[in-house]
J.: 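The structure's right below; bear with me while I get my questions together.
What you see is a predicted model; the values in this text were computed from it and never measured. Starting from 1, each residue takes its place in the sequence as its number.
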Amino acid sequence: MSRAYAVLAAATLVAVTACSGQGGATSGETAAPPGDPAKVSGGITVLTNRTDQIADGTLKKYAAEFNKTYPGVKVKFEGLTDYEGETKIRMNTENYGDVLLIPNSLSVEQYPDFFAPLGGSGALSAKFDYTDHATVDGRVYGLANIGVANGFVYNKSVWAKAGVKDWPATPQEFVADLEAVKSKTDAVPYYTNYKDGWPLTNWTNAIGSPSCDSGAYDALAKTEEPWGGGEDLHAIDELLYTIVDKGLAEPDPTTTNWEDSKSRIGAGKVGAMWLGSWAISQMRAAAEAAGKNPDDIAFMPFPVRRDGTYCSVLSPDYQYAVNAHSENKGAARAWLDWYITESGQAASEGSISSVKGAPLPDTLKAFSDNDVKLIPRDQENIAEVNKIDKASEIGITAQDYRQKLVDVARGAADGDMDSYFGELNAKWAEARQTLGG
C-alpha cells in the first residue's frame with residue numbers, strides 16, 4: 001500500500017518523554033548525517049506502509065544494496081496495513097521504530113516531541129525540496145522521499161470507449177465524461193476508496209489547483225468561509241459530491257478496497273480515481289498483471305483552467321523521520337539518506353525525486369507535453385491553519401468529513417451539499433473567532 005502526502009493535520013497525539021535509559025538518546029539529539037560508513041553500526045527498525053514491497057521482496061533488495069555501503073547496519077522492516085492508526089497508537093510509547101513515516105495526524109509543531117532534528121533548514125533546503133513542510137525553529141525534522149503532483153489516475157481505454165478523447169476543462173465536463181463512461185461501458189466511472197478512507201484525504205491536496213494559487217492553502221487561515229462560492233474547497237468538494245450524487249461512483253462505498261481498486265482500474269473496471277502521481281506506476285503494474293496494456297493508465301489534472309492552463313499542486317509524499325528515542329540514530333540517518341538519494345526508488349516507481357534538480361519522471365510526460373503548471377504549496381501559515389482546523393473539529397486532512405460528504409451525497413446521512421457546506425463554514429468561522437482570527 002502507498003499513499004500520497006495528505007496535508008499536515010492538527011489532531012493531537014499524546015506527547016512522549018525523552019528516553020534516558022541504556023545510554024539512551026534524548027529527544028534533542030541531532031540525527032546527523034553519518035561520516036565513515038564503516039563506523040556506522042546497529043540494528044534499526046523501519047516502519048512502512050509499503051506492505052506490498054515487503055511481500056514482494058523489494059525492500060529486502062534495497063536493504064541488501066544499502067549494506068554494500070553500510071555493512072554494519074542491520075535493517076528490519078515492519079509493514080503496517082493501517083499505518084496511520086497503528087502508528088498513532090504506538091507513538092503513545094517510545095516504541096515506534098527507528099525510522100518512520102511522519103503520520104498525517106501529527107501537526108508540525110509537535111515534531112520536536114517525537115523526532116530527532118536532521119539538521120538546519122539552510123543546509124538541507126539547498127539539497128532537498130519540501131523541507132519547509134517539516135521545519136520548526138530553523139531545524140528540519142523530516143525529509144520527503146518523493147514529491148507528488150495531484151490529479152486523476154484514469155484508464156484511457158475506458159474513456160476512449162466512452163468517446164472521450166480530451167481532458168475535461170471544467171467540473172461539468174468531467175461529470176459529463178463520467179456519465180458517458182457509465183452509459184457506454186461496463187466500468188464504474190469513479191471509485192472513492194471510501195472504506196480505506198485515506199484516499200479521500202488526497203482531495204485536500206487539490207487546494208490551489210482550481211485557483212492556480214500556491215497560496216490557497218495558506219489563505220485558509222484568513223478565510224471565513226472555505227466552502228463558500230468561488231473558494232477552492234467548494235469547487236473540490238462539490239465535484240466529489242456531484243460524482244456520488246449522480247450515481248457515478250461505486251454502488252456501495254462501504255465495501256471498497258484499496259488493493260483491489262488497483263486491479264480494477266488496471267483491468268478497465270474503474271474509470272478514474274483522484275490520487276497523487278505516485279499511484280501511476282502502481283496502477284500500470286496492476287494493468288500489466290491483469291493482462292492489459294499498462295499504457296492505458298494515464299493522469300489528468302483537476303478539471304479547471306486558468307488563462308487556458310491546467311494547474312497541479314506539488315506536495316511531498318510521506319516524510320521520513322528518525323525516532324527521537326532511537327538508540328541508533330546514526331544508523332537510522334544513514335538509511336534515511338541512502339534511501340532518498342541512492343536507492344533509485346523514486347525513479348523506479350516513476351515518482352518525482354525530492355532531491356533538488358532531479359528531472360520529472362516519464363509518468364508525467366503528458367503534464368509536460370500539455371504545459372500543466374506545477375505549483376508548490378506555500379507553508380507560511382500552516383501552523384495557524386492547523387490550529388483553526390483543530391479547533392473547528394473538521395479535520396480537513398482527515399477522512400471523516402469527506403466520508404460524511406459522500407454519505408450525504410448518497411443519502412446515507414441527513415442534509416444536502418449546501419447544508420453540509422454551511423455547517424462546515426460555521427465551524428470554521430467559529431474556530432477562527434475563538435482563536436482571535
J.: Should the pair Arg50 and Tyr318 be classed as cation-pi, given the thresholds of under 6.0 Å to the six-membered ring centre and 45° from the axis?
T.: no
J.: Could you check whether Thr309 and Asp307, counting side-chain N and O atoms only, form a donor-acceptor pair closer than 3.5 Å?
T.: no
J.: Please enumerate all residues that pass ring pair (Phe, Tyr, Trp, His ring centres under 6.0 Å) together with Trp428, with sequence neighbours excluded.
T.: none
J.: May I ask you to check whether Tyr154 and Phe299 place their ring centers less than 6.0 Å from one another?
T.: no
J.: Could you go step by step and tell me if Tyr241 and Phe421 meet the ring pair (Phe, Tyr, Trp, His ring centres under 6.0 Å) rule?
T.: CA-CA 11 Å; Tyr241 182 96; Phe421 285 2; 7.2 Å; no
J.: Do NZ/NE/NH1/NH2 and the carboxylate oxygens of Arg90 and Glu86 come within less than 4.0 Å?
T.: no
J.: Using a 4.5 Å cut-off on heavy atoms from C-beta on, say whether the side chain of Pro189 contacts that of Lys182.
T.: yes
J.: Does atom CG (Asp369) have a neighbourhood of more than 12 heavy atoms from anything else shown, all under 6.0 Å?
T.: yes
J.: Nearest 0.5 Å, what's the CE-CZ distance between Met300 and Phe367?
T.: 9.0 Å
J.: State which residues pass salt bridge (Lys or Arg N to Asp or Glu O under 4.0 Å) with Glu288; sequence neighbours excluded, sorted by chain then number.
T.: none
J.: Give the minimum heavy-atom separation between Arg333 and Ala31, together with the two atoms involved.
T.: NH1-O, 2.6 Å
J.: Take atom NZ in Lys165; do more than 12 heavy atoms of anything else shown fall under 6.0 Å from it?
T.: no
J.: Please work out whether the ring planes of Trp198 and Trp278 are parallel, tilted or perpendicular, with thresholds of 30° and 60°.
T.: tilted
J.: Minimum heavy-atom separation for Ala180 and Val164, please, with both atom names.
T.: CB-CG2, 4.5 Å
J.: Would you say Gln110 and Ser107 are linked by a side-chain donor-acceptor pair, where the criterion is simply a distance under 3.5 Å?
T.: yes
J.: Could you check whether Arg402 and Thr204, counting side-chain N and O atoms only, form a donor-acceptor pair closer than 3.5 Å?
T.: yes
J.: Test of understanding: with side-chain hydrogen bond (donor to acceptor under 3.5 Å, both in side chains), list the residues that count as partners of Glu173, not counting sequence neighbours.
T.: none
J.: Taking atom CG of Asp252 as the centre, does the number of heavy atoms from other residues, nucleotides or ligands within less than 6.0 Å exceed 12?
T.: yes
J.: Are the side chains of Asp98 and Val46 in contact, using a 4.5 Å heavy-atom criterion?
T.: no
J.: Tyr310 side chain to Trp167 main-chain N or O, any donor-acceptor pair under 3.5 Å?
T.: yes
J.: Between Lys404 and Glu423, does any side-chain N to carboxylate O distance fall below 4.0 Å?
T.: yes
J.: Determine which pairs satisfy disulfide bond (SG atoms under 2.5 Å apart) with at least one residue from residues 262-293, sequence neighbours left out, and list them in order.
T.: none
J.: Please work out whether the ring planes of Phe115 and Tyr111 are parallel, tilted or perpendicular, with thresholds of 30° and 60°.
T.: perpendicular
J.: State whether Lys222 and Glu384 are salt-bridged, where the test is any N-O pair (Lys NZ or Arg NE/NH1/NH2 against Asp/Glu carboxylate O) under 4.0 Å.
T.: yes
J.: So, Asn386 and Asp389: side-chain donor and acceptor under 3.5 Å apart, yes or no?
T.: no
J.: Can you tell which of Leu80, Thr87, Asn145, Asn49 makes a side-chain contact (heavy atoms from CB on, under 4.5 Å) with Leu101?
T.: Asn49
J.: Could you measure the distance from the CG atom of Leu374 to the OG atom of Ser312? Nearest 0.5 Å is fine.
T.: 5.5 Å
J.: Between Gln345 and Gln53, does any side-chain donor sit less than 3.5 Å from a side-chain acceptor?
T.: no
J.: Please check if any side-chain donor atom of Glu84 sits under 3.5 Å from a side-chain acceptor atom of Gln399, or the reverse.
T.: no
J.: Can you find a heavy atom in the side chain of Glu238 that is under 4.5 Å from one in the side chain of Pro171?
T.: no
J.: Ignoring hydrogens and angles, state whether a donor on the side chain of Gln379 or Asp218 is under 3.5 Å from an acceptor on the partner side chain.
T.: no
J.: Can you list every pair that meets disulfide bond (SG atoms under 2.5 Å apart) and has a residue in residues 170-269, with sequence neighbours left out?
T.: Cys212-Cys311
J.: Roughly how far, to the nearest 0.5 Å, is the OH atom of Tyr141 from the OG1 atom of Thr135?
T.: 9.5 Å
J.: Quick one: which of Asp407, Thr256, Thr255, Thr254 gives a side chain to side chain donor-acceptor pair (under 3.5 Å) with Tyr194?
T.: Asp407
J.: For the CD1 atom of Ile396 and the CD1 atom of Ile207, what is their distance to the nearest 0.5 Å?
T.: 5.0 Å
J.: Any donor-acceptor pair under 3.5 Å linking the side chain of Ser353 with the backbone of Val355?
T.: yes
J.: Which atom names give the shortest non-hydrogen contact between Asn193 and Pro199, and what distance separates them?
T.: CB-CG, 3.5 Å
J.: Check Lys390 with Glu393, please: is the shortest side-chain N to carboxylate O separation under 4.0 Å?
T.: no
J.: Is a side-chain donor-acceptor pair under 3.5 Å present for Thr242 with Asp245?
T.: no
J.: Going by atom type alone, with no hydrogens or angles, which donor-acceptor pairs under 3.5 Å involve a side-chain atom of residues 226-234 and a protein atom two or more places apart or on another chain?
T.:
| unit_1 | atom_1 | unit_2 | atom_2 | d |
| --- | --- | --- | --- | --- |
| Trp227 | NE1 | Asp237 | OD2 | 2.8 |
| Asp232 | OD1 | Ser211 | N | 3.2 |
| Asp232 | OD1 | Ser211 | OG | 3.2 |
| Asp232 | OD2 | Gly208 | N | 2.6 |
| Asp232 | OD2 | Ser211 | OG | 2.8 |

J.: Does the pair Lys292/Asp296 count as a salt bridge with the N-to-O cut at 4.0 Å?
T.: no
J.: Rounded to the nearest 0.5 Å, what separation is found between the CG atom of Asp337 and the CG atom of Leu143?
T.: 6.5 Å
J.: What pair of heavy atoms forms the shortest contact from Gly268 to Val158, and how long is it?
T.: O-CG2, 3.5 Å
J.: Taking everything shown except Asp362 itself, do over 12 heavy atoms lie less than 6.0 Å from its CG?
T.: no
J.: Could you measure the distance from the CD atom of Glu78 to the OG1 atom of Thr51? Nearest 0.5 Å is fine.
T.: 12.0 Å
